[in-house]
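Notes follow once the structure below has been shown.
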Amino acid sequence: MARRTRRIPGLLIALSLAATGLGIGGVAMTTGNASASTPAAASKAAQADHAGMPGMAMPLAGNGLASGDDPDGDGYIMANPPVTGVTPSTYDPPHAYFHEFQAKCAPDHTAPDDPIVFPGQPGASHDHTFMGNTSTNANSVTSSLESGNTACLAPGDKSAYWMPSLYNGSQKILPIGPQTIYYKSAVNDYTSVRPFPKGLRFVVGSPMQSQDEFQHLKGTVEGWECGTSYHNWNFPATCPNTPDTQLNIRLQAPSCWDGIHLDTPDHKSHMAYPVASGANQNVCPADHPVALPMIEFKMAWPVNGDMSQVHLSSGQGFSFHYDFFADWDNATQAAMVTHCINGGLQCDAHGYDESQPGKGAVLDDNYRLK
């Protein structure tokens, strides 16, 4: 059963964030009592810092419109319980080149909906291509995803994944079959990564970002790719006109969480990218100390040849972004994270590393937890 989020007093949040800043070690799981108080000033300050980032502007929640998991409409959805008392890990574990597993999720439907940016407002968004949870629409909340079905290979992954739809002229082009969504460690201490809390949601990138901002977004890998053409920050003019050539993109999400919010009005401030530390190590920043899996979209569209009419529902190629709404079966996700990410393996969608067969698999032939 999905947990119902509750508000927790601003003083508790402020004390929790202060404890984090002081470097108090260990992990304390604290459940706050229901309260009508406003979220902590520290959280709002963090939102203001992120709101000033160029190209990151998008419609804010919190306009007083009650919807879904945000009954008071202020745009803040609180974790229940919050994760407090975490110090970003600087532990240097044994070297492992990989620490990841794959989610394989097929496109299922399209709609001009966005339950994160425009919750409870059907038709308010540009068109999106939805993968994973088959029930995702403008009114989706944690409990509705729980009761929905999934187009992911693993029945335990009912998460919702979506991105702007791609068109060639007026023809909508959908990726064919399950697409690869990587769950990786983006911090040096891959043993510190923990599963996503149910109901966490965020947006990666922005439909309003400029080409330069897209190119320099921390999560941008190589831009748009087709054939041997890489590092395209907008759609290339042409792609090789061969049957096996598709248009590809990879985009990585922030993976450090503040431990307090499942969402914030800008859908970004509760998440952050790791920061570079000494000896080429990446660690979570002190104000976002909780290391979660780094989501990496790896999408492919069956379009090539003349690309002059190719565009996204959100605009040009550099407007690419995506949304993630976590809803895994707790035991399944925990087993995949522990075995593959914390275990330093390169797992497929079964949680199996072909290069280390002796380690076994997490999921059976039907992608269910063994």
Side-chain angles (χ1 to χ4, degrees), residues 5 39 43-44 46-51 53 55-62 67-70 74-80 82-83 103 105 113-119 125 128 130-133 136 138 140-142 145 157-164 181-184 186-187 193-209 213-214 217-220 250-274 284-285 287-297 314 319-328 333:
T5 56
S43 301
K44 291 186 180 291
Q47 178 203 354
D49 290 343
H50 285 71
M53 296 172 63
M56 293 297 106
M58 63 174 59
L60 294 179
S67 61
D69 292 329
D70 182 20
D74 72 349
Y76 290 93
I77 300 175
M78 313 305 290
N80 182 19
V83 179
C105 303
D113 290 353
D114 190 324
I116 295 178
V117 179
F118 295 104
S125 173
H128 283 109
F130 292 90
M131 298 174 292
N133 201 295
T136 314
S140 290
V141 293
T142 306
L145 295 183
D157 184 6
K158 292 188 176 182
S159 302
Y161 311 86
W162 64 96
M163 58 192 174
I181 300 166
Y182 290 101
Y183 283 61
K184 301 182 175 184
V187 293
V193 176
R194 64 183 69 195
F196 284 110
K198 199 179 291 288
L200 181 75
R201 66 209 76 182
F202 54 77
V203 180
V204 184
S206 168
M208 279 73 76
Q209 66 203 358
E213 288 161 349
F214 172 64
L217 186 69
K218 284 188 177 180
T220 297
R250 289 182 290 160
L251 185 61
Q252 299 176 342
S255 59
C256 298
W257 179 42
D258 68 5
I260 304 296
H261 303 95
L262 298 178
D263 197 12
T264 45
D266 66 354
H267 320 298
K268 295 174 181 291
S269 298
H270 55 310
M271 301 296 297
Y273 286 96
C284 284
D287 56 354
H288 292 75
V290 184
L292 300 177
M294 183 268 283
I295 294 285
E296 178 181 296
F297 262 37
S314 55
S319 71
F320 184 78
H321 58 286
Y322 64 84
D323 301 54
F324 171 64
F325 194 149
D327 187 44
W328 277 82
Q333 185 192 186

| field | Under 3.5 Å: donor-acceptor pair, side chain of H270, backbone of R201 | value | yes
| Looking at side-chain heavy atoms only, is the closest gap between L292 and M271 below 4.5 Å? | yes
| said: Please report the interatomic distance CD(Q209) to OG(S319), rounded to the nearest 0.5 Å. | reply: 7.5 Å
| Is there side-chain contact between F196 and F324, with at least one heavy-atom pair below 4.5 Å? | yes
| task | Using atom types as modelled and distance alone, determine if a side-chain donor or acceptor of K198 lies under 3.5 Å from a backbone N or O of W328. | result | yes
| A253 and F202: which non-hydrogen atoms are nearest, and at how many Å? | CB-CE1, 3.7 Å
| said: Apply side chain to side chain contact (heavy atoms under 4.5 Å, CB included) to residues D323 and V204 and explain how you reach the verdict. | reply: CA-CA 6 Å; D323 301 54; V204 184; over 6 Å; no
| request: Calculate, to the nearest 0.5 Å, the distance between atoms CH2 and CG belonging to W257 and D287 respectively. | output: 14.0 Å
| R250 side, atom CZ; Y182 side, atom OH - distance, nearest 0.5 Å | 8.0 Å
| Quick one: are S159 and F325 in side-chain contact, heavy atoms under 4.5 Å? | no
| Flag, side chain of T220 to backbone of F214, donor-acceptor distance under 3.5 Å | yes
| field | Spacing of D263 atom CG and Y76 atom OH [to the nearest 0.5 Å] | value | 10.5 Å
| query | Where is the tightest heavy-atom contact between D114 and H128, given as atom of each residue plus distance? | reply | OD2-CE1, 3.4 Å
| P195 versus P293: any side-chain heavy-atom pair under 4.5 Å? | no
| field | Atom of L262, atom of G199 and distance for their closest heavy-atom approach | value | CB-O, 3.8 Å
| task | Looking only at non-hydrogen atoms, find the nearest pair between V187 and C284 and report the distance. | result | CG1-SG, 3.8 Å
| message | Between I77 and H261, is there a side-chain heavy-atom distance shorter than 4.5 Å? | response | no
| request: Quick one: sort the W162 and F130 rings into parallel, tilted or perpendicular, breaks at 30° and 60°. | output: tilted
| Close side-chain approach of S125 to D113, heavy-atom, < 4.5 Å | no
| Candidate pair F320 and M163, rule side chain to side chain contact (heavy atoms under 4.5 Å, CB included), full reasoning | CA-CA 8 Å; F320 184 78; M163 58 192 174; 4.0 Å; yes
| task | Indicate yes or no: at least one non-hydrogen side-chain atom of S255 is less than 4.5 angstrom from one of P274. | result | yes
| In Å, rounded to the nearest 0.5 Å, how long is the span from OG of S140 to CG of N133? | 6.5 Å
| task | Take D157 and C105 through the side chain to side chain contact (heavy atoms under 4.5 Å, CB included) test and state the conclusion after the steps. | result | CA-CA 9 Å; D157 184 6; C105 303; 3.8 Å; yes
| query | To the nearest 0.5 Å, how far apart are CD1 in I295 and CG in L251? | reply | 11.5 Å
| said: With no hydrogens and no angle check, just 3.5 Å: does a side-chain donor-acceptor pair link T142 and D69? | reply: yes
| note | Residues A160 and T136: closest non-hydrogen pair is CB-OG1, 3.4 Å
| task | Look at the side chain of K184 and the backbone N and O of Q252, then say whether any donor-acceptor pair between them is shorter than 3.5 Å. | result | no
| request: Give the minimum heavy-atom separation between Y161 and A103, together with the two atoms involved. | output: OH-CB, 4.2 Å
| task | Evaluate the side-chain proximity of H321 to F297: yes if any heavy-atom separation is below 4.5 Å, no if none is. | result | no
| Side-chain (Q333) to main-chain (D327) donor-acceptor, under 3.5 angstrom | no
